[in-house]
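Counting starts at 1 for both ligands and their atoms, following the listed order. Everything numeric here is computed off the predicted structure, so don't read it as measured data.
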Amino acid sequence: MVWRLDKRRLVIREKPLAAPRKQEFGDNPVETRLSENYKNEYVKGFVEKWDELIDWESRAKTEGDFFIEQLRERGAKKVLDVATGTGFHSVRLLEAGFEVVSADGSPEMLAKAFDNGKQYGHILRTVQADWRWLNRDVHGTYDAIICLGNSFTHLFNERDRRKALAEYYAMLEHDGVLIIDQRNYDGILDDGFNSKHTYYYCGDQVSAEPEHVDDGLARFRYSFPDESVYHLNMFPLRRKYLRRLMHEVGFQKIDTYGDFQETYREDDPDFFIHVAEKI
Ligand code: SAM
């Protein structure tokens with residue numbers, strides 16, 4: 001509603017409600033392969049649905065204390081969550097006693113994370129920041145950086161990946177640790193998709209399936225019980241390639257886990273988790 005002075009009378013005019021922003025992938029969605037496009041993908045409608053997709057309770061059960069233990073083993077106290085999303089890991093780590101700063105490039109995601117944090121009794125310290133210019137917007141150094149939920153896959157070219165990894169590296173203390181996870185794209189590229197959605201995408205009412213896969217794009221379709229459909233365009237990162245990039249940027253020791261296990265068959269897990277140490 002807007003108050004407007006009309007001659008000498010005060011009148012109230014109804015302001016038309018803005019239509020909700022739709023996801024944008026351009027004219028040919030399978031040709032949209034841009035690191036910038038995540039902001040057009042995480043629109044409010046999809047962000048509102050995200051927690052249905054990931055289901056906090058089942059996700060907490062399946063991942064257990066994996067990340068908390070990895071961080072505690074390395075004496076980490078101050079953690080930067082660079083892909084906060086709706087805040088799942090930021091909230092978990094705050095509850096476990098870590099000091100957390102929650103960054104993300106999407107204002108919609110950060111707003112939702114802030115609301116979710118409040119529901120759990122926390123005021124999240126949020127910063128809107130794109131990974132490629134992280135040091136410009138986030139200050140200080142951290143014992144650990146986490147980039148979880150298959151987020152790094154939003155970067156579509158190698159220069160952006162190297163830039164983001166270098167920014168993470170620079171923000172870590174000398175003995176800091178970076179934890180990045182990724183979907184097992186090797187399995188999808190080489191053998192097709194067979195995910196049982198046991199990890200991360202735990203909401204059992206939601207289907208997440210690849211609609212198009214080639215060496216440069218994995219386009220996933222997310223269908224919800226109310227018949228709404230959203231998509232994400234992602235780059236299918238190969239496990240060895242990402243490990244190599246992390247080494248090249250300077251990380252000295254990288255342990256890779258499959259679905260939270262130390263030993264795994266390469267084609268089997270849904271997700272890989274890389275724990276990369278600076279020294
Ligand atoms: N970590 C959360 C989770 O596991 O539920 C969110 C995962 S969601 C797949 C990916 C997140 O990465 C989104 O919140 C998106 O806004 C963020 N993101 C993608 N590209 C980014 C970039 N270049 N800089 C900052 N954030 C980015």
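Among S151, G85, A164, the residue whose heavy atom lies closest to atom 7 (C) of ligand 1 is S151.
Considering backbone and side-chain atoms alike, D104 places an N or O below 3.5 Å from some N or O of ligand 1. Considering both main-chain and side-chain atoms, W50 comes within under 3.5 Å of ligand 1 through a nitrogen or oxygen pair. Residue W131 has at least one nitrogen or oxygen atom sitting less than 3.5 Å from a nitrogen or oxygen atom of ligand 1, judged on distance alone. Checked against a 3.5 angstrom limit, the closest N/O atoms of L148 and ligand 1 fall inside it. For N150, no nitrogen or oxygen atom sits less than 3.5 Å from a nitrogen or oxygen atom of ligand 1, counting backbone and side chain alike. Geometrically, ligand 1 and A83 share a nitrogen or oxygen pair separated by less than 3.5 Å. Distances between N or O atoms of G105 and those of ligand 1 include at least one value under 3.5 Å.
In R59, the part holding a heavy atom less than 4.0 Å from any atom of ligand 1 is the side chain.
A salt bridge is defined here as a Lys NZ or Arg NE, NH1 or NH2 lying under 4.0 Å from an Asp or Glu carboxylate O, and R59 with D51 fails to meet this definition. A salt bridge links R132 with D160: the closest approach of a Lys/Arg side-chain nitrogen to an acidic carboxylate oxygen falls below 4.0 angstrom. By the 4.0 Å N-to-carboxylate-O rule, R219 lies close enough to E211 to be salt-bridged with it.
Distances below 4.0 Å separate heavy atoms of S106 from the following atoms of ligand 1: 16 (O). Within the listing of ligand 1, atoms 24 (N), 25 (C) sit less than 4.0 angstrom from a heavy atom of A129. Interface atoms of ligand 1 facing M109, defined by a heavy-atom separation under 4.0 Å, are 14 (O). Counting atoms of ligand 1 from 1 in the listed order, those under 4.0 Å from a heavy atom of I54 are 5 (O). Interface of G149 with ligand 1, defined as ligand atoms under 4.0 Å from a residue heavy atom, comprises 4 (O), 7 (C), 9 (C).
Taking the ring centre of F235 as origin, the terminal cationic atom of R161 falls inside the region bounded by 6.0 Å and 45° from the ring axis.
Residues D81 and S90 have side chains that bring a donor and an acceptor to within less than 3.5 angstrom of each other.
Ring pair H274/F152: centre-to-centre distance not below 6.0 Å.
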- Could you give me the CA-CA distance, side-chain angles and deciding distance for D226 and K49, then say whether salt bridge (Lys or Arg N to Asp or Glu O under 4.0 Å) is met? CA-CA 10 Å; D226 65 358; K49 294 253 169 254; 2.8 Å; yes
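Two residues are said to be in side-chain contact when any heavy atoms from C-beta on lie closer than 4.5 Å; Y222 and E52 fail this criterion.
Every residue was checked against the ring-ring contact (aromatic ring centres under 6.0 Å, His included) condition with F25, not counting sequence neighbours, and none meets it.
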